[in-house]
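No hydrogens, no waters, no symmetry mates; every other heavy atom, side chains included, goes into these values.
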Amino acid sequence: MRRPFARALAVGAAAALTPLVSPSSATADDVVIGGFPVDISQSPWTVALSSRDRFGGTRAGQFCGGVVVDRSRVLTAAHCMSAAVLGAPPGQVRDLKVITDRTDLTSSQGKEIPVTATWVNPRYNGYTNAGDFALLTLASPLPASSVIGMAAAGDPAYAPGTAATVYGWGDATGQADYARSLRGATLQVLPDATCEQAYPGGVDGKYLAASMLCAGEPEGGRDACQGDSGGPLVAQGRLVGLVSWGNGCGQPGSPGVYTRVSDVLKTLNGGH
């Protein structure tokens, strides 16, 4: 099972279980089957999490994705803020930043905004991956046009068969080929029963419908992979998921699993 160390837009090839790979050595940025290039103006809520001290400067230190849910707050995966990923608690990472309005990580486009505070869901379970989300507070606010709405429970965007798009700068082939420019992949929201069958427990992980959502294609191919964790899954113009975990990348019968955003809202609203 590939543990939830940062998923990327993978196509075709299956990714084996690997630790978080620093994107600094990656060179591939071409268009691969099943994914497509995205200009940041088409997805202004998508941001890159960066630490050059930890991950090098080749791709601006990008290691995870995030999504702007408030002018001063970014939602990402809890596991992206773990000491296993960052090398230290997030409060001790002096150069933790959010990169906004940048399509190509090697360019000077957009801004790099320091993170002033981090809040990791206290209910996050690193073993089951339930509750995999965290909030980052930015040193300066973003424009309202950068904010995406979050889909609450009962929103039709969660209906099985709904078209959804995942965004990120991660591994584009499942072979540590990290993208330089933002990419997207079109998926479909899958029924909970399909996901429960794919992940019944044991070595492949367990799907928990209350806090998770899965999306993909029955034949595999289009998926998220290493490097995309915390990035957005968007359906009908609303945020429905955050890239979290899965078994490999793009494998038939092993869809990507996402943090269910309605559960995020429930937690942030005090469980109501």
Side-chain angles (χ1 to χ4, degrees), residues 2-10 15 18-26 38 40 43 45-69 73-93 95-100 102 105 110 112-115 117-121 124 126 129 131-138 166-172 176-185 223-234 239 241-246 249 256-259 261 264:
R2 187 188 52 74
R3 298 304 299 168
F5 284 117
R7 300 198 73 171
L9 300 174
T18 57
L20 181 66
V21 178
S22 172
S24 60
S25 61
V38 176
I40 196 64
S43 181
W45 51 81
T46 303
V47 299
L49 273 54
S50 164
S51 170
R52 287 180 173 82
D53 285 351
R54 175 68 168 163
F55 301 102
T58 302
R59 295 171 61 259
Q62 187 270 342
F63 64 97
C64 271
V67 56
V68 182
V69 294
R73 295 197 301 177
V74 164
L75 192 62
T76 189
H79 74 260
C80 289
M81 294 293 105
S82 69
V85 172
L86 293 174
Q92 297 178 20
V93 181
D95 71 332
L96 182 60
K97 294 179 180 179
V98 164
I99 302 176
T100 71
R102 182 175 298 177
L105 293 172
E112 299 187 10
I113 304 177
V115 173
T118 61
W119 179 88
V120 177
N121 177 20
Y124 168 57
N129 303 317
D132 188 12
F133 69 91
L135 278 171
L136 312 181
T137 301
L138 305 181
V166 61
Y167 299 90
W169 287 269
D171 183 358
D177 294 326
Y178 287 87
R180 186 180 72 185
S181 293
L182 182 62
R183 298 174 55 77
D223 197 2
C225 194
Q226 276 75 19
D228 281 334
S229 281
L233 179 71
V234 177
L239 181 68
L242 302 173
V243 179
S244 183
W245 65 280
C249 304
V257 183
Y258 298 77
T259 301
V261 168
V264 174

Next on the checklist: Using the rule given for side-chain contact (heavy atoms from CB on, under 4.5 Å), can you reason through Y258 versus V166, listing the C-alpha separation, both sets of side-chain angles and the distance that settles it, and then say yes or no?
Outcome noted: CA-CA 10 Å; Y258 298 77; V166 61; 3.9 Å; yes
Item to check | side-chain contact (heavy atoms from CB on, under 4.5 Å) between F63 and V85, intermediate numbers included | outcome: CA-CA 9 Å; F63 64 97; V85 172; 3.9 Å; yes
Checklist entry - Checking side-chain contact (heavy atoms from CB on, under 4.5 Å) for the pair D132/L242: CA distance, chi angles, key distance, verdict? => result CA-CA 8 Å; D132 188 12; L242 302 173; over 6 Å; no
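Residues V69 and L135 have side chains in contact (heavy-atom distance under 4.5 Å, counting atoms from C-beta outward). Annotation: side chain of V67 is not in contact with side chain of V234 (no heavy-atom distance under 4.5 Å).
Counted by atom type alone, S244 and N129 present zero donor-acceptor pairs between their side chains at under 3.5 Å.
Of all non-hydrogen atoms in V93 and S51, the two that sit nearest each other are CG1-OG, 3.7 Å. Contact record, C80 with G230: SG-N, 4.4 Å, taken as the closest heavy-atom pair. Closest heavy-atom contact between S229 and T76: O-OG1, 4.3 Å. Scanning both residues, V38 and R183, for their nearest heavy atoms gives CG2-C, 3.8 Å.
In this structure, E112 CD and T100 OG1 are separated by 9.0 Å, a value rounded to the nearest 0.5 Å. One distance of note links CZ of F55 with CG of L86; it measures 6.0 Å at 0.5 Å rounding. In this structure, CG in D53 is found 10.5 Å from CG in L96, a value given to the nearest 0.5 Å. Rounding to the nearest 0.5 Å places NZ of K97 at 12.5 Å from CG of L138.
Looking at residues two or more places apart in sequence or on another chain, you find a side chain to side chain contact (heavy atoms under 4.5 Å, CB included) between V120 and A78, M81, A134. Take T118 and apply the side chain to side chain donor-acceptor pair (under 3.5 Å) test, not counting sequence neighbours, and it matches no residue. In this structure, the side chain to side chain contact (heavy atoms under 4.5 Å, CB included) partners of S50, at least two apart in sequence or on a different chain, are R52, I99. With sequence neighbours left out, the salt bridge (Lys or Arg N to Asp or Glu O under 4.0 Å) criterion links D95 to no other residue.
In terms of modelled atom types and a separation under 3.5 Å, the side chain of R59 and the main chain of W169 share a donor-acceptor contact. Distance alone, capped at 3.5 Å, is enough to place a donor-acceptor pair between the Q62 side chain and the C64 backbone. When atom types are taken as modelled, the side chain of T46 and the backbone of G168 share no donor-acceptor pair closer than 3.5 angstrom.
Taking the six-membered ring where tryptophan is involved, the planes of F133 and W119 are tilted, since the angle between them lies from 30° to 60°.
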